[in-house]
Amino acid sequence: MFEAVDSKMNFPEMETGILKWWNENQIPDKYMAKNEDSDKRYSFIDGPITANNRMGVHHAWGRSYKDLFSRFRTMQGYKQRYQNGFDGQGLWIEVEVEKELGFTSKTDIEGYGIDKFVTLCKERVQRFADVISEQSKQLAYWMHWDNSYHTMSDENNYTIWHFLKTCHERGLLYEGTDVMPWCPRCSTGLSEHEIVTEGYVETEHPGLFVKFPILDSDSETPEASLLIWTTTPWTLSSNCAAAVNKDMDYVKVKQDHGYLYLAKSRISSLAGDHEVVSELKGSELVGLNYEGPFDELPAQEGVKHRVVAWDEVSETEGTGIVHIAPGAGKEDFALGKREGIPTIAPLDDLGDFVEGFDWLTGLNVYEVNDKIYESLKSKGKFYRLERYKHRYPHCWRCGSELVFRLVDEWFIKMDPLREPISRVTQNIRWVPEFGMKRELDWLRNMDDWMISKKRYYGLALPIYKCSCGNFDVIGSEKELEERAVEGWDEFEGNSPHKPWIDSVKINCSSCGEKVSRVSDVGNPWLDAGIVSFSTLNYRHDKNYWKDWFPADWISESFPGQYRNWFYSLLTMSTVLADSEPCKNIFSYALMRDANGEEMHKSKGNAIWFEDAADKMGVDAMRWQFASQNPASNLNFGFGSADEVRRQFLIPLWNVYSFFVTYANIDKFDPDTQSPDMLDRAELDRWILSELNILVQTVTDNLENFRPERVTREVEEFIEYLSNWYVRRSRRRFWKSGLLTGGAADSDIDKLSAYTTLHEVLMTLIKLMAPVIPFVTEKMYQNLASKFSFGRESVHLEEYPISDESLIDQGLTERVRLAMQLSSMGRSARSKAGIKVRQPLQELFVKTRNASELDMLGLIEDQVLDELNIKEIKPVDDASEIVTFRLQPNLPLLGPKYGRGVAAIREALEQADVDSVRTAIESGSTVDIAGFELSPEEILVNADELEGYSTSTDGGYAVGISTEISDSLKDEGLARELVHSIQNVRRAAGLEISDHIDLFVNGSAEILRVVGNFNDYVLQETLASEVILGESLDDSYSESYELEGEQVTISVRKSD
RNA sequence: GGGCCUGUAGCUCAGCCCGGUUAGAGCGCAGUCCUGAUAAGACUGAGGUCCCUGGUUCGAGUCCAGGCAGGCCCA
């Protein structure tokens, strides 16, 4: 016996129960131990999740993929590592801890104590790692949760040391300068990435116009100046050049007593009267020398200001002449490097002016604008000031305006690596395919990789820089110990983080001087990029590493990762192993809300993972995730989850519930011998054929990372199963008959139906278990676990393998034809307004071709029964009621005749339809426009069936005769009666299997029909006899009007 | 400015790789039916310049080129 199934399933509630059961019975552990001894390996390397906050629904999407493919391979018998990863070093963590402590700047941290601060960072990571682990379990993400790797681990950090040392040995590591966005308040640089995400804010700035007097003005225009424009007046202090676009048109204008140069298209920025004196190209200005705005400052001493050419100068704003301060602007710095312009860096790390700026020194960048205007005015260089609104980068932590500041940073050279990494990139299969193009494009454009950050909690860069100019890079903890000349004892036992690591000093390998580590920490993408080595024990057990590297696949959301994780993985595995880190990269887009808007906590449209899991259910989420085309954004919401429930989970559950209900009534035992395939009904063989086709395609699509096709195919199969197999089989389950297999009185057809449906459900749930682990487990527990063939859990099962001997292509085609014709028949009935309960005499059918015509005999019974019609007639027997049309079979004719197709098409329209049709039906060729066409090269379509209610679709036509004879009418009435009796049974609260006493009272017409159809009524309603003309007081009664006749029906449960 | 992606019904999308007869699904809307799976199910209807232009081809939603619009990345 099976456990009775609640037809109104509350899926989230069920999931909670399953989760508990898994836990109590250690199913995840048994699952992960299942293939311990297998020779087949499937290697997955987890992209570490940032353990800085709770997990959101968008993480659940990615984790569902990871779990799906893991489960699929587990069921296929592959040994795996099941290791989750947590990312937990870097500014992200620092920022949150600073918030907790109410800190606003680096000085707060230093005052608090770096050791205590770093310890809090580590604790926060551990705290959220625990939270995420618990959330992941609710998602049924099965990993070794007590064996997750951490990027903050010693092993991870020391493996990065090894990487950096390798880079150094190849001459790839260098210290350089760059201009970076910098927050003066937080006193740190921000990466471009941190600005791009949410850093730009609409801001009002001064738009300041300044005159740069030309030094070598000709005698005709003695007082000529360049007119420039800037929104950051403080940068004028460090001006070293002015840039023009050499192809743009410029003008010289006379105003008051002097002359100004600016772009012709920007004349509108002039104030007051002016007169254009001459026009010139930008190239004519290049090379001119001018007097800078702050030449009197000591820092400006010796700087020769000149005009340079720059293609980036545009006509959209300003004056078309751009002030260049290489020490205070990113693009300026790049241009300065190319043109050999001196670099003056005005600001320290708090945004204060440094020594060498005279009266500016010590002032903060935020408070100097007015003083700058005054100074310019006193020197006659001020032109005018306007207000200017634009989007400008701000610190995403504290909201301060950023400045651009020159800093010393450590870099890995990209040029020597560009080609090798590109080669490795092309060895990987990227899903979606365009991933490779994007990665290659990034690699082509990638600048040297800046790996340092001036913060506290992160990888300690193992670089020891000596004042002699040499620097040493340490490659391991062992090497550090060997080279330590001071502080090792103090450090020993601590993690290699600041401040502990910095007690250790070594001697410079060049001059022997004692040196300290540089104070920088590492870029966090080093942390995540090393994991294909660090997590596979690369340093201590190369054989183990070789067993699992390169990984079979990795997976992460693609926006951002081409330049982050994918990039760092590729770089590090190219340098260390000259190999791809993985064979497949499966990536997916972004999650949006139901309306396609970005999810934001502040907007109120974010969905918490727990809410989603509790309300919509994890299976509904996971099915939706799997259904999504990973290349496009996922619009996620409660509505779409409910759709999954209604469209997919409930139909599936209904089939299961149907099976269990009747299997229990008939005491079906799946452990008894199953009927031989030859003894099974055609319907059974058909659904098994469809099932095995499904197993093939699903397996293929999972092996090729196409989960979205899997869900489509399964949904289609369930449609067949529910709306054809079960519906067509219902009577086979209802009918009386015993299931004692093999006994003389056993009903082999009934047994065959039960066995087949059970087999189908078993295979189906195994097939879907990786996607929807809960509902499949629930069903498996009932359908399999307690029987001899069952295992403890569906997740300890093997993945189904298609039995090709059960695939019958002809059968599949036939049944699909039957479904097609039935659907069209229903359509024709619907158009005529005739209910299916009313029997009809004839169904006319026009098929597409002769072979389908031949099939008709085999599917006749199904179609007639489905449509409640007496006989089927091929339409060719009634050609007077249909208009035929000839069409060329283009896929056949096209390749064969090419240009001739046009002539054939035309000739077919003119041809005599009946004679051509007769000819091709007898199998002979036809001469059309001089071409000898075979029967299959011509298609015959029916347009309509006149006088009948018809339906046409794709070459098929179906029609019903709408004439209803007296006997058909009686039969229809009998069915109406049975229908009413069933309603009364149900209203009386009787069980499906209860037998009844039945009383029918009503008009003479009703009584006549009941009498005529006595046996039919008894059989359908499980009545022992029909008693006419009365009803009893102790029975349940209802009255109806059927076809204009009054009837009262009474039932009671018989003894 | 360069690279990549997307554009199909009111909405969300499939189909395109590998060209073929009348372009599909779900949601929504209007209606009908069925009901011994029933807080389900089936059917019908309205709704489409498959972004535009050109090319290749007997034939283009599908392939090619050039645009347009939106998105992402880089500069």
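Residue numbering restarts at 1 for every chain, and letters A, B, ... go by the order of the sequence lines. Scope of the values below: all heavy atoms of this structure, side chains included, with no hydrogens, waters or symmetry mates.
Between A75(B) and Asn445(A), no contact under 4.0 Å exists linking OP1 or OP2 to a side-chain N or O. Taking 4.0 angstrom as the limit, Arg563(A) places a side-chain polar atom (N or O) nearer than this to OP1 or OP2 of C74(B). Using a 4.0 Å cut-off, some side-chain N or O of Arg986(A) falls inside it from OP1 or OP2 of G36(B). For C27(B), the OP1/OP2 oxygens have a side-chain nitrogen or oxygen of Gln647(A) closer than 4.0 Å. Between Arg438(A) and C4(B) there is no side-chain polar atom (N or O) within less than 4.0 angstrom of OP1 or OP2.
Taking 3.5 Å as the limit, the base of A37(B) and the side chain of Ser722(A) contain a donor-acceptor pair of atoms between them.
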What N/O pairs connect the protein and nucleotides 62-70 of chain B at under 3.5 Å? Give each pair on its own line.
none

Tabulated below should be each protein N or O lying under 3.5 Å from an N or O of nucleotides 32-34 of chain B; please produce it.
residue	atom	partner	partner atom	Å
C34(B)	OP1	Arg837(A)	NH2	3.3

For nucleotides 12-14 of chain B, tabulate all protein N/O to nucleotide N/O atom pairs closer than 3.5 Å, reporting atom names and distance.
residue	atom	partner	partner atom	Å
A14(B)	OP1	Asn629(A)	ND2	2.8

key: Chi angles and distances behind the side-chain contact (heavy atoms from CB on, under 4.5 Å) call for Asn868(A), Leu840(A)   = CA-CA 7 Å; Asn868(A) 194 19; Leu840(A) 293 172; over 6 Å; no
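Considering only residues two or more places apart in sequence or on other chains, His600(A) meets the side-chain contact (heavy atoms from CB on, under 4.5 Å) condition with Glu598(A), Ser602(A), Lys603(A), Asn605(A). By the side-chain contact (heavy atoms from CB on, under 4.5 Å) test, Ala334(A) is found to be paired with no residue, residues two or more places apart in sequence or in another chain being considered. Looking at residues two or more places apart in sequence or on another chain, you find a salt bridge (charged side-chain N to carboxylate O under 4.0 Å, His left out) between Asp178(A) and Lys330(A). Partners of Tyr588(A) according to the ring-ring contact (aromatic ring centres under 6.0 Å, His included) rule, which considers only residues two or more places apart in sequence or in another chain, are Trp61(A), Tyr65(A). For Lys835(A), the side-chain contact (heavy atoms from CB on, under 4.5 Å) criterion is met by Arg837(A), Glu976(A), not counting sequence neighbours.
Ring centroids of Tyr562(A) and Tyr567(A) are separated by 6.0 Å or more, keeping the two rings apart. For Phe625(A) and Phe636(A), the ring centers sit closer than 6.0 Å to each other.
Residue pairs satisfying the salt bridge (charged side-chain N to carboxylate O under 4.0 Å, His left out) criterion with at least one member in residues 930-940 of chain A, sequence neighbours excluded, are listed as follows: Lys896(A)-Glu937(A). Legend: salt bridge (charged side-chain N to carboxylate O under 4.0 Å, His left out) pairs involving residues 712-727 of chain A, not counting sequence neighbours, sorted by first then second residue: Arg727(A)-Glu866(A). Applying the side-chain hydrogen bond (donor to acceptor under 3.5 Å, both in side chains) test to every pair with at least one member in residues 628-637 of chain A, sequence neighbours left out, gives no pairs at all.
Nucleotides A65(B) and G48(B) have their P atoms positioned 32 Å apart, rounded to a whole Å. The gap from the P atom of C64(B) to that of G7(B) amounts to 14 Å, rounded to the nearest Å. Remark: the separation of the C1' atoms in C50(B) and U62(B) is 10 Å, to the nearest Å.
Residue Arg905(A) is classed as having no contact, given no heavy-atom separation below 4.0 Å to the nucleic acid. At the heavy-atom level, Trp653(A) lies nowhere under 4.0 Å from the strands shown. Counting non-hydrogen atoms under 4.0 angstrom, Glu708(A) reaches nothing in the nucleic acid. Counting non-hydrogen atoms under 4.0 angstrom, Glu643(A) reaches the backbone sugars and phosphates but no base.
For A42(B), the paired nucleotide is U32(B), the pair qualifying as Watson-Crick or G-U wobble because both relevant distances are below 3.5 Å. Figure legend. A60(B) is base-paired to no nucleotide; pairs are counted as Watson-Crick or G-U wobble with both atom distances under 3.5 Å. Summarising the base pairing, C18(B) is matched to no nucleotide, lacking a Watson-Crick or G-U wobble pair whose two defining distances lie under 3.5 Å. In this structure C72(B) sits in a base pair with G3(B), meeting the Watson-Crick or G-U test at under 3.5 Å. Base pairing annotation: U53(B) forms a Watson-Crick or G-U wobble pair with A65(B), both donor-acceptor distances under 3.5 Å.
In this pair, Phe668(A) and Phe2(A) present their aromatic rings parallel. The plane angle is below 30°, not in the 30 to 60° band.
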Table please: side-chain donor-acceptor pairs of residues 432-442 of chain A below 3.5 Å, with sequence neighbours left out.
residue	atom	partner	partner atom	Å
Asp441(A)	OD1	Asn445(A)	ND2	3.3

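Each of Val655(A) and Arg645(A) has a nearest nucleotide on RNA chain B; the 5'-most of these lies closest to Val655(A). Comparing Gly900(A) and Glu1020(A) by the nucleotide of RNA chain B that holds the closest heavy atom to each, the one mapping nearer the 5' end is Glu1020(A).
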